[in-house]
Amino acid sequence: MSPARHAVPNSSGSEAPRSQVPAHAADCHLHIYEGRFPASQPALAQGRVADFRLLQRRLGTSRAVIVTPAHHRTDNAVTLDAIAQLGPAARGVAVLHPDVTDAELKWLDAGGIRGIRFTIWNPATAVTRQEMIEPLAKRVHGFGWHVQLHMLADQIAAHEALLRRLPTPIVIDHLGRLPQPAGIAHPAFAVIRRLLDQGRTWIKLTGAYLNTQVGPPGYADTVPIARAYVEAAPERMVWGSDWPHPTEQHKPDDAALLDLLADWAPDESQRQRILVDNPARLYGFDDA
């Protein structure tokens, strides 16, 4: 097959990853942007389910976790629609406010939602706030959902007590947003390590381009961070593309991002866990 047939919107490059991924591999962090759903502000990217299927074909992944993008605020219809289109191999992470009703939570659970996300790293654009985290965590705990946090490293370090109190599993986005050149020397890393040691915290091995001074293709300054997480809790690591990369004007090569796992998790059995076994446990994928 010619490289041109691997072209995917919002992704540079056209080649497949260097290493073949295992069966049932999951992309655990992506966003769907469909213009037919109303939004409160212009979308930062465009990415339809049909486009994402092209990415799956290129990378070899088959499972997906769709995260509601911020411009839809707490309207999760676009995510539920994407889950329905992708079928049993898809799950979702919603954005909610504390006024969500119990009936809505049951409806979201039936639609494939398995967690809620708080993107509070930039208060000027945030849909949710730090004080919403604990009340909502208590609301969704009974559904077996998790709380996903996109916070800057300084915020993680400042809110350790809150994070340790949450009754739900915690999923930390984008390698914890540890800034360079501090990396694992930043105080947030020690906080995350303590949370990992509690046994209920997961890390998304995503967003290598968000905190790097080295840049592509290898994002070498992310390697010590990712390896430290993998060594600490390989059973609670998941990988995601962050497609269609809404923060990036120049779109990264998704195959190259997937290939970072070979540096981050050198052992093949670890990569099997990260791509297949861990997502199945966190999001409730079966073996189909």
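When reading the values below, keep in mind they use all heavy atoms of this one structure, side chains included, and skip hydrogens, waters and symmetry mates.
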Begin from the C-alpha positions of R164 and E160 and carry the test salt bridge (Lys or Arg N to Asp or Glu O under 4.0 Å) through to its verdict.
CA-CA 6 Å; R164 293 175 72 90; E160 179 177 9; 3.7 Å; yes
Verify, without hydrogens or angle tests, whether [X] (side chain) and [Y] (backbone) share a donor-acceptor contact under 3.5 angstrom.
X: R281; Y: E235; answer: yes
X: R271; Y: P266; answer: yes
X: R91; Y: P88; answer: yes
X: R227; Y: D263; answer: yes
X: N76; Y: T74; answer: yes
X: Q155; Y: I120; answer: yes
X: T206; Y: H174; answer: yes
X: K204; Y: C28; answer: yes
X: R139; Y: P98; answer: yes
X: R58; Y: E15; answer: yes

Report the residue from L275, V276, D277 that forms a side chain to side chain contact (heavy atoms under 4.5 Å, CB included) with R273.
D277
Do you know which two heavy atoms are closest between [X] and [Y], and how far apart they sit?
X: I83; Y: G92; answer: CD1-N, 3.5 Å
X: E34; Y: V49; answer: OE2-N, 3.4 Å
X: L96; Y: T128; answer: O-CG2, 3.6 Å
X: R73; Y: V127; answer: CA-CG1, 3.8 Å
X: W145; Y: L108; answer: CH2-CB, 3.9 Å
X: L54; Y: P9; answer: CD1-CD, 4.0 Å

Run I32 and F52 through side-chain contact (heavy atoms from CB on, under 4.5 Å) and show every step you take.
CA-CA 8 Å; I32 295 297; F52 175 66; 4.2 Å; yes
Path from [X] to [Y] over hydrophobic side-chain contacts below 4.5 Å:
X: Y209; Y: W121; value: no
X: I192; Y: L162; value: yes
X: W264; Y: V214; value: no
X: V95; Y: L105; value: no

Any side-chain heavy-atom pair of S12 and H250 under 4.5 Å:
no
Evaluate the side-chain proximity of L149 to V171: yes if any heavy-atom separation is below 4.5 Å, no if none is.
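Contact flag for V171/L149 side chains = no.
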Salt bridge (Lys or Arg N to Asp or Glu O under 4.0 Å) assessment of R48 paired with D51:
CA-CA 5 Å; R48 303 169 304 153; D51 299 327; 3.0 Å; yes
With rounding to the nearest 0.5 Å, note down the distance linking [atom1] in [X] to [atom2] in [Y].
X: L210; Y: D242; atom1: CG; atom2: CG; result: 6.5 Å
X: T212; Y: D221; atom1: OG1; atom2: CG; result: 3.5 Å
X: H29; Y: H150; atom1: NE2; atom2: NE2; result: 7.5 Å
X: Y283; Y: N278; atom1: OH; atom2: CG; result: 10.5 Å
X: N122; Y: M151; atom1: CG; atom2: CE; result: 13.5 Å
X: L152; Y: D173; atom1: CG; atom2: CG; result: 11.5 Å

Taking the six-membered ring for Trp, are the ring centroids of H71 and Y33 within less than 6.0 Å of each other?
yes
With ring centroids as reference points, do H31 and H245 lie under 6.0 angstrom apart?
no
Applying side-chain hydrogen bond (donor to acceptor under 3.5 Å, both in side chains), run through R177 and N211 and close with a yes or a no.
CA-CA 6 Å; R177 295 299 303 268; N211 289 96; 2.4 Å; yes
Kindly determine whether T61 and D27 satisfy side-chain hydrogen bond (donor to acceptor under 3.5 Å, both in side chains), including the steps that lead there.
CA-CA 7 Å; T61 59; D27 183 340; 5.2 Å; no
Do E104 and T101 pass the side-chain hydrogen bond (donor to acceptor under 3.5 Å, both in side chains) test, and can you show the C-alpha distance, the side-chain angles, and the key distance before you say yes or no?
CA-CA 5 Å; E104 288 174 308; T101 67; 3.2 Å; yes
Test side-chain contact (heavy atoms from CB on, under 4.5 Å) on D254 and L55 and set out the steps.
CA-CA 8 Å; D254 287 279; L55 182 67; 3.7 Å; yes
From CA spacing to verdict: side-chain contact (heavy atoms from CB on, under 4.5 Å), I156, I172:
CA-CA 9 Å; I156 292 173; I172 295 177; 4.2 Å; yes
Before giving the answer on side-chain contact (heavy atoms from CB on, under 4.5 Å), spell out for L86 and Q56 the whole-Å C-alpha distance, their side-chain angles and the decisive distance to 0.1 Å.
CA-CA 11 Å; L86 291 168; Q56 287 185 306; 4.2 Å; yes
